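The structure appears below as structure tokens.
Counting starts at 1 for both ligands and their atoms, following the listed order. Bear in mind that the values here come from a model prediction, so they are computed numbers and not experimental data.
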Amino acid sequence: MKFALVTGGSRGLGRAICLQLARENQYHILLNYHSNDSAAGEVQKEIEASGLRCELLKFDVSDPDAVGATMEEWKKKNPDAVIEVLVNNAGMTKDGLFIWTNQKAWDQVIKTSLDGFYQVTQSVLKEMLQKRYGRIINMVSLSGLKGNPGQVNYSAAKGAVIAATKALAQEIGKRKVTVNAVAPGFIHSDMTAEFDESELKKLIPLNRFGEAEEVANLVSFLASDKSSYITGEVININGGLYS
Ligand SMILES: NC(=O)c1ccc[n+]([C@@H]2O[C@H](COP(=O)([O-])OP(=O)(O)OC[C@H]3O[C@@H](n4cnc5c(N)ncnc54)[C@H](OP(=O)(O)O)[C@@H]3O)[C@@H](O)[C@H]2O)c1
């Protein structure tokens, strides 16, 4: 049985990615989330209605003990399952000018994106290398490429994951495991709900925020066989805002 593991799959981009990887790529889904049980349950219901499995794995991606214990327990219970796709999507922001950024806001943002990438990727990589097949997709951001004022912590976290994507891709390409990053601009989700879209869209050539489903379409392609000669890439999806 083939699974795709999506972190932060309960809401926003992760939710759309779970639904798309089930519908288009026919993967059973391992849906990780942090705290929103009802949102995760809604996605699970929708996927299971289509006849595929969707299992909920509740853990903080930055907590090594929680990631290790949950993944080990799941693997023990599902010895025949293969995790072919990992989407490191969980992320958070704690915005503010750097001069006012306290240690907690720095640590939380860095740990969720960067330690989350480390912990969760470590938990599935060995099997991918043994099977000689895998797709790892890291959700980064325009902020990690261009830098964004008020988001020094978030820009640093996403920039680090971009560098890790490129380095890991070179380490493991021989084993047919690809690693790519997707860098969205402004996409409708809870994370951008407070943003002033009418002002910001003036900066965007396509003149609108993107939809989570549009990001999910790109992830679905990268998660498929069709992307077999793409690795170590960072793919922008931002309506032309930055390239
Ligand atoms: N929206 C955008 O415009 C945009 C642009 C560029 C990049 N991104 C990136 O895209 C990804 C998804 O963003 P989004 O807009 O969909 O965010 P969102 O609506 O805030 O959803 C965040 C998701 O991540 C989960 N999550 C947060 N911290 C976690 C942790 N420590 N452990 C496990 N799960 C955690 C949340 O789980 P709960 O539901 O349990 O809280 C939720 O499912 C993030 O990496 C973000 O940085 C978004």
Closest candidate by heavy atom, reference atom 27 (C) of ligand 1, pool G8, A39, G91, G12: G91
Test item, S113 contacting ligand 1 (heavy atom, 4.0 angstrom): no
Identity and distance of the protein heavy atom lying nearest atom 15 (O) of ligand 1: S189 OG, 2.5 Å
Which segment of M92 sits under 4.0 Å of ligand 1 when only heavy atoms are counted: neither
Non-hydrogen atom of V140 closer than 4.0 Å to ligand 1: yes
Partner of E127 under salt bridge (charged side-chain N to carboxylate O under 4.0 Å, His left out), chosen from R175, R132, K75: K75
F209 contact mode with ligand 1 (heavy-atom cut-off under 4.0 Å): neither
D115 versus Q119, side-chain donor and acceptor atoms under 3.5 Å: no
Shortest non-hydrogen separation from Y133 to V177 and the atoms involved: C-CG2, 3.9 Å
Residue, atom name and distance, where the atom is the protein heavy atom closest to atom 10 (O) of ligand 1: M139 CG, 3.2 Å
Spatial distance of atom CG (N217) from atom CD1 (I237) [nearest 0.5 Å]: 7.5 Å
T7 near ligand 1 by a heavy-atom separation under 4.0 Å: no
Best match, T112, D190, V67: closest heavy atom to atom 28 (N) of ligand 1: T112
Residue, atom name and distance, where the atom is the protein heavy atom closest to atom 32 (N) of ligand 1: V61 N, 3.0 Å
I187 neighbourhood, listing ligand 1 atoms whose heavy-atom distance to it stays under 4.0 Å: 1 (N), 2 (C), 3 (O)
Within-shell test, K158 vs ligand 1, heavy atom, strictly < 4.0 Å: yes
Enumerated ligand 1 atoms positioned under 4.0 Å from heavy atoms of N32: 33 (C), 34 (N)
Numbered atoms and elements of ligand 1 in range of Y154, under 4.0 angstrom, heavy atoms: 6 (C), 7 (C), 8 (N), 9 (C), 46 (C), 47 (O)
Protein contact of atom 26 (N) of ligand 1 - nearest heavy atom, named by residue and atom, plus distance: A90 CB, 4.0 Å
Top protein contact for atom 6 (C) of ligand 1, by heavy-atom distance: P184 O, 3.4 Å
Main-chain N/O of E233 paired to N180 side chain as donor or acceptor, under 3.5 Å: yes
Stepwise side-chain contact (heavy atoms from CB on, under 4.5 Å) test for H34 and T112: CA-CA 11 Å; H34 190 202; T112 305; over 6 Å; no
Heteroatom proximity flag, F186 to ligand 1, N/O under 3.5 Å: no
side-chain contact (heavy atoms from CB on, under 4.5 Å) assessment of V234 paired with K166: CA-CA 8 Å; V234 186; K166 293 179 181 183; 4.0 Å; yes
Side-chain donor or acceptor of D63 paired with backbone N/O of A66 under 3.5 Å: yes
N25 vs R135, side chain to side chain donor-acceptor pair (under 3.5 Å): CA-CA, chis, key distance, verdict: CA-CA 12 Å; N25 304 58; R135 296 275 184 268; over 6 Å; no
Location of contacts on H188 toward ligand 1, heavy atoms closer than 4.0 Å: neither
Numbering as shown, the atoms of ligand 1 that approach S35 to under 4.0 Å (heavy-atom distance): 38 (P), 40 (O), 41 (O)
Whether N32 side chain and V6 backbone form a donor-acceptor pair below 3.5 Å: no
Ring center gap for W74 and F3 short of 6.0 angstrom: yes
K58, NZ: over 12 other non-hydrogen atoms inside 6.0 angstrom: yes
Nearest non-hydrogen partners of S228 and T178, listed with the distance: O-CG2, 4.3 Å
For atom 38 (P) of ligand 1, closest protein heavy-atom neighbour: S10 OG, 3.4 Å
Atoms in ligand 1 flagged as close to T192, the criterion being non-hydrogen separation under 4.0 Å: 1 (N), 2 (C), 3 (O)
Sub-4.5 Å side-chain heavy-atom contact between V43 and I29: no
Residue N36 vicinity, atoms of ligand 1 by number, heavy atom under 4.0 Å: 38 (P), 39 (O), 40 (O)
Shortest reach to atom 11 (C) of ligand 1 by a heavy atom, considering only N148, L13, N89: N89
Under 4.0 Å to a heavy atom of D60 - the qualifying atoms of ligand 1, by number: 30 (C), 31 (N), 32 (N)
Subset of ligand 1 atoms that lie under 4.0 Å from at least one heavy atom of F59: 32 (N), 33 (C)
Mutual orientation of the aromatic rings belonging to F209 and H188 [parallel < 30°, tilted 30-60°, perpendicular > 60°]: tilted
Residue and atom name of the nearest protein heavy atom (relative to atom 18 (P) of ligand 1), distance in Å to one decimal: R11 NH1, 4.0 Å
Atom 4 (C) of ligand 1: the protein heavy-atom neighbour that sits closest, reported with distance to 0.1 Å: G185 O, 4.0 Å
Worked check of side-chain contact (heavy atoms from CB on, under 4.5 Å) between I136 and L125: CA-CA 9 Å; I136 299 171; L125 186 58; 3.9 Å; yes
Ligand 1 N/O within reach of L142 N/O, cut-off under 3.5 Å: no
